Amino acid sequence: MPTLRLHDTLTREVRELAPLDGKTLRFYCCGPTVYGPAHIGNFRTFVLQDVFRRTAELSGMATLHVRNITDVDDKTIRDSQAQGLTLEEFTNYWSDRFHTDCARLNLLPPHHEPSAIDHIPQQIALIEQLIEKGHAYQSEDGSVYFNVPSFPGYGCLSHLDTRELRTGASGAVDSDEYDKDSVADFALWKARKTEDGANWWPSPWGEGRPGWHLECSAMCRQYLGDTFDLHSGGIDLIFPHHENEIAQSVASSGQPFAAHWFHIAHLMVDGGKMSKSLGNLHTLDDLETHGHSPMETRYALVSGHYRQPLNFTFQSLSDARKAMEKLSKAEQFLREQLGQPLAPSYEDLLGLEDRGIFEPAFLALSQDLNTPDALGKTFSALRGLKSGTAPGDIRRDWLGLHAVLSALGLILPEPEAASDVPAEVLALAEQRWQAKQAKNWAEADACRARVTELGWIIKDGKDGYEVSKS
RNA sequence: GGCGGGAUAGCCAAGUGGUAAGGCCGAGGUCUGCAAAACCUCUAUCGCGGGUUCGAUUCCCGCUCCCGCCUCCA
């Protein structure tokens with residue numbers, strides 16, 4: 001079993017990852033806040049987490065994957081009310097949409113997908129523990145805050161000295177929060193406000209709702225225990241979200257929290273930050289409107305290393321299509337050598353011992369999830385295969401290729417089905433073929449021209465032809 | 001101001017103390033009545049200036065520029 005090595009944000013080094021309990025790799029990924037369609041930047045994170053899980057599983061490890069749904073916060077409350085929906089109706093709609101997009105991107109569903117609202121009691125229990133241990137306090141209005149100065153390790157993940165955490169450092173001050181003892185303190189429980197509408201819950205501190213950071217700490221504990229293998233999210237979550245999670249969890253349990261931290265760098269669009277005002281917050285639907293499939297998007301998202309900002313362009317989607325067609329041709333070549341077997345299932349590939357000429361590509365994934373290197377090594381192996389310089393076991397190599405593709409989660413395009421070609425086009429193509437056999441070039445060319453006009457392309461093979469959409 | 005990540009061919013993007021993977025695009029070739037596909041070949045000395053070294057794109061220092069975080073953003 002190849003060892004899995006991954007960069008750890010906490011220690012800032014690439015470290016080997018092995019299940020703490022010797023059996024199952026348990027990890028938590030911060031999920032979406034469901035108040036609108038997720039954009040491809042969000043999906044970069046989820047796709048890379050998926051590649052991580054697949055690589056672990058294909059290496060022979062068992063996994064336990066938890067990813068939450070944040071279904072209560074300022075934005076979900078605000079937007080649900082604006083649309084005259086209950087919070088549940090609103091978040092259910094966007095959760096469903098999120099799941100649809102995940103499926104289109106071939107993301108493995110997490111083993112557990114807990115939501116904040118479904119875990120209010122666990123969150124309240126966590127706050128009670130924190131207050132009991134002197135790490136939290138109640139303010140005048142009934143909100144509860146975490147007492148940051150009471151937790152010496154605060155800032156260890158983001159390497160931000162707590163002295164530097166001063167309000168207004170970035171130019172925007174929330175002068176609303178007078179109740180905090182220290183500017184670094186953050187809300188565990190937010191007292192009910194009129195604008196929250198029906199969205200409040202009873203608690204020992206009065207009516208209100210949980211703070212954002214709290215849900216993850218509570219649900220990590222619920223599904224993975226106090227200490228588990230890995231915690232992941234976008235790079236922007238390092239501070240303050242993950243820093244706060246560590247504070248809440250460690251201060252309440254007295255145990256180590258996540259053993260390893262996995263953060264994914266941001267996606268850029270056309271060299272700059274994505275933003276609504278620039279109109280470059282692409283969703284899967286947007287891209288499909290432009291004729292780019294979710295798989296092309298997935299390929300584009302894994303074409304850069306997860307620790308580097310990735311520049312996303314429409315050109316990268318076109319490149320992805322071409323690259324996948326190339327992979328598909330090679331896969332068909334191997335399949336034909338084997339006499340048209342069915343593609344192996346994901347389960348068939350788990351813990352595969354010998355990946356043949358694709359072993360280096362798979363190894364690249366095991367080495368800090370180097371997806372671009374894995375793709376490069378895959379194409380390099382392909383070249384050797386086709387030029388016959390890599391003699392070997394075809395079946396072994398075919399399975400090896402599928403292991404790499406499965407780890408990346410790529411589903412290759414199938415050759416165009418002939419069935420949806422219009423009868424008229426089919427007839428013209430056949431007529432042309434007959435003319436060609438008779439060496440009647442003028443008629444053959446006329447037929448080709450006509451077919452082209454209709455938006456189709458004829459490609460001749462050795463003993464026949466294929467028609468495809470132009 | 002603090003912390004962090006970058007700068008590699010037309011575009012995207014790996015990597016290494018010993019003269020730089022891969023994909024896309026482009027050029028040439030084999031093949032082909034045409035067209036396409038397929039296959040082969042070709043295209044960079046790695047932001048700037050110093051230093052260490054037999055040798056640096058890779059290590060160190062300085063500089064320029066870019067980006068992110070420091071506020072409930074993946």
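Quick caveat: nothing in here was measured; it's all calculated off a predicted structure. All chains are named by letter (A, B, ...) in the order of the sequence lines, taking the proteins before the strands, and each is independently numbered beginning at 1.
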Asker: Does Lys329(A) place a side-chain N or O at less than 4.0 Å from the phosphate oxygens OP1/OP2 of A38(B)?
Answerer: yes
Asker: Could you list the residues that satisfy ring pair (Phe, Tyr, Trp, His ring centres under 6.0 Å) with Phe27(A), not counting sequence neighbours?
Answerer: Phe52(A), His65(A)
Asker: Quick test of your reading: applying salt bridge (charged side-chain N to carboxylate O under 4.0 Å, His left out), list the pairs with at least one residue in residues 111-120 of chain A, sequence neighbours left out, ordered by first then second residue.
Answerer: Arg67(A)-Glu113(A)
Asker: On RNA chain B, compare the nucleotides closest to Arg448(A) and Pro240(A); which residue's is nearer the 5' end?
Answerer: Arg448(A)
Asker: Do the charged groups of Asp285(A) and Arg104(A) touch, with an N to O distance under 4.0 Å?
Answerer: yes
Asker: So Gly41(A), base contact, sugar-phosphate only, or nothing? Heavy-atom distance under 4.0 Å.
Answerer: base
Asker: Rounded to the Å, how far apart are Asn311(A) CG and A13(B) P?
Answerer: 5 Å
Asker: Considering every strand shown, what is the Watson-Crick or G-U wobble mate of U52(B) when both distances are under 3.5 Å?
Answerer: none
Asker: Side chain of Phe379(A) only, heavy atoms from C-beta on: which candidate in G6(B), A74(B), G22(B) is closest?
Answerer: G22(B)
Asker: Quick one: Leu48(A) CG to A74(B) P, roughly how many Å, whole number?
Answerer: 16 Å
Asker: For the pair made of CZ in Arg321(A) and P in G23(B), what is the distance, rounded to whole Å?
Answerer: 19 Å
Asker: Of all the heavy-atom pairs spanning Leu327(A) and Thr378(A), show the shortest one and how long it is.
Answerer: CD2-CG2, 3.9 Å
Asker: Lys377(A) near the nucleic acid: base, sugar-phosphate alone, or nothing, with a heavy-atom cut-off under 4.0 Å?
Answerer: nothing
Asker: What is the distance, rounded to the nearest whole Å, between atom OH of Tyr154(A) and atom P of C3(B)?
Answerer: 17 Å
Asker: Taking the P atom of each, how far is A20(B) from G6(B), in whole Å?
Answerer: 23 Å
Asker: So which nucleotide from G33(B), A14(B), G22(B) ends up closest to the side chain of Lys436(A)?
Answerer: G33(B)
Asker: What distance, rounded to whole Å, do you find between the two C1' atoms, one in C46(B) and one in U41(B)?
Answerer: 24 Å
Asker: Please tell me which of the listed nucleotides, G6(B), C73(B), C70(B), lies nearest to the side chain of Trp212(A)?
Answerer: C73(B)
Asker: Check every atom of C34(B), A13(B), C69(B) against the side chain of Arg432(A) and return the nucleotide holding the closest atom.
Answerer: C34(B)
Asker: Output, in order, the C-alpha distance, side-chain angles, deciding distance and verdict of ring-ring contact (aromatic ring centres under 6.0 Å, His included) for His242(A) and His231(A).
Answerer: CA-CA 9 Å; His242(A) 288 162; His231(A) 199 315; 4.6 Å; yes
Asker: What is the distance, rounded to the nearest whole Å, between atom NE2 of His242(A) and atom C1' of C70(B)?
Answerer: 16 Å
Asker: Under 4.0 angstrom, heavy atoms only, what part of the nucleic acid is Ser380(A) near: base, sugar-phosphate, or nothing?
Answerer: sugar-phosphate
Asker: If the P atom of C24(B) is compared with that of C59(B), how far apart are they to the nearest Å?
Answerer: 30 Å
Asker: Return the nearest nucleotide to the side chain of Asn42(A); candidates are A74(B), A14(B), C73(B).
Answerer: A74(B)
Asker: Of all the nucleotides listed (C24(B), C34(B), A14(B)), which has the minimum atom distance to the side chain of Asp445(A)?
Answerer: C34(B)
Asker: Any stacking of Trp441(A) on G33(B), going by centres under 5.5 angstrom and planes within less than 30 degrees?
Answerer: yes
Asker: How would you label the contact of Leu237(A) with the nucleic acid (heavy atoms, under 4.0 Å): base, sugar-phosphate, or nothing?
Answerer: sugar-phosphate
Asker: Using Watson-Crick or G-U wobble geometry with both distances under 3.5 Å, which nucleotide pairs with C39(B)?
Answerer: G29(B)
Asker: Taking atom types as they are modelled, is there a donor-acceptor pair under 3.5 Å from the base of G22(B) to the side chain of Asp373(A)?
Answerer: no
Asker: Please walk me through it: do Arg97(A) and Asp101(A) pass salt bridge (charged side-chain N to carboxylate O under 4.0 Å, His left out)?
Answerer: CA-CA 6 Å; Arg97(A) 170 65 181 279; Asp101(A) 283 351; 3.6 Å; yes
Asker: Under 4.0 Å, counting only non-hydrogen atoms across every strand here, what does Ser158(A) touch: a base, just sugar-phosphate, or nothing?
Answerer: sugar-phosphate
Asker: Would the number of heavy atoms belonging to other residues, nucleotides or ligands and lying under 6.0 Å from CD of Glu88(A) be above 12?
Answerer: no
Asker: Between G33(B), C67(B), C3(B), which nucleotide has the shortest distance from any of its atoms to the side chain of Arg12(A)?
Answerer: C3(B)
Asker: Scan every strand shown for a Watson-Crick or G-U wobble partner of A9(B), both distances under 3.5 Å, and answer none if you come up empty.
Answerer: none
Asker: Mind checking the P distance from G2(B) to G10(B)? Whole angstroms is fine.
Answerer: 36 Å
Asker: Please assess Arg450(A) against Glu424(A) for the test salt bridge (charged side-chain N to carboxylate O under 4.0 Å, His left out), listing each intermediate value before the final yes or no.
Answerer: CA-CA 10 Å; Arg450(A) 186 80 186 95; Glu424(A) 183 188 5; 3.5 Å; yes
Asker: When the aromatic ring centroids of Phe228(A) and Tyr223(A) are compared, is their separation below 6.0 Å?
Answerer: no
Asker: When rounded to the nearest Å, what value does the distance between P atoms of A14(B) and U30(B) take?
Answerer: 37 Å
Asker: Answer with base, sugar-phosphate or nothing: what part of the nucleic acid does Ile458(A) contact at a heavy-atom distance below 4.0 Å?
Answerer: base
Asker: Classify His39(A) by what it touches in the nucleic acid, base, sugar-phosphate, or nothing, heavy-atom distance under 4.0 Å.
Answerer: base
Asker: Less than 4.0 angstrom from a charged side-chain N to a carboxylate O is my criterion; do Arg209(A) and Asp74(A) meet it?
Answerer: yes
Asker: Mind checking the C1' distance from U52(B) to G62(B)? Whole angstroms is fine.
Answerer: 15 Å
Asker: So what does Asn244(A) hit on the nucleic acid, given a heavy-atom distance under 4.0 Å: a base, only sugar-phosphate, or nothing?
Answerer: nothing
Asker: Whole angstroms only, please: what is the CD-C1' distance between Glu325(A) and C24(B)?
Answerer: 12 Å
Asker: Between C34(B) atom P and Gln437(A) atom CD, what is the distance in whole Å?
Answerer: 15 Å
Asker: Tell me which nucleotide among A13(B), G33(B), A74(B) gets nearest to the side chain of Thr33(A).
Answerer: A74(B)
Asker: May I have the distance from Lys439(A) (atom NZ) to C34(B) (atom P), rounded to whole angstrom?
Answerer: 11 Å
Asker: Please tell me which of the listed nucleotides, A13(B), G22(B), G33(B), lies nearest to the side chain of Arg383(A)?
Answerer: G22(B)
Asker: Do the ring planes of Trp261(A) and Phe257(A) sit parallel (below 30°), tilted (30 to 60°) or perpendicular (above 60°)?
Answerer: tilted
Asker: In whole angstrom, give me the gap between the P atoms of U45(B) and C54(B).
Answerer: 27 Å
Asker: Taking N or O atoms only and anything under 3.5 Å, show me the protein contacts with nucleotides 25-29 of chain B, one pair per line.
Answerer:
residue : atom : partner   : partner atom : Å
C25(B)  : OP1  : Lys322(A) : NZ           : 3.4

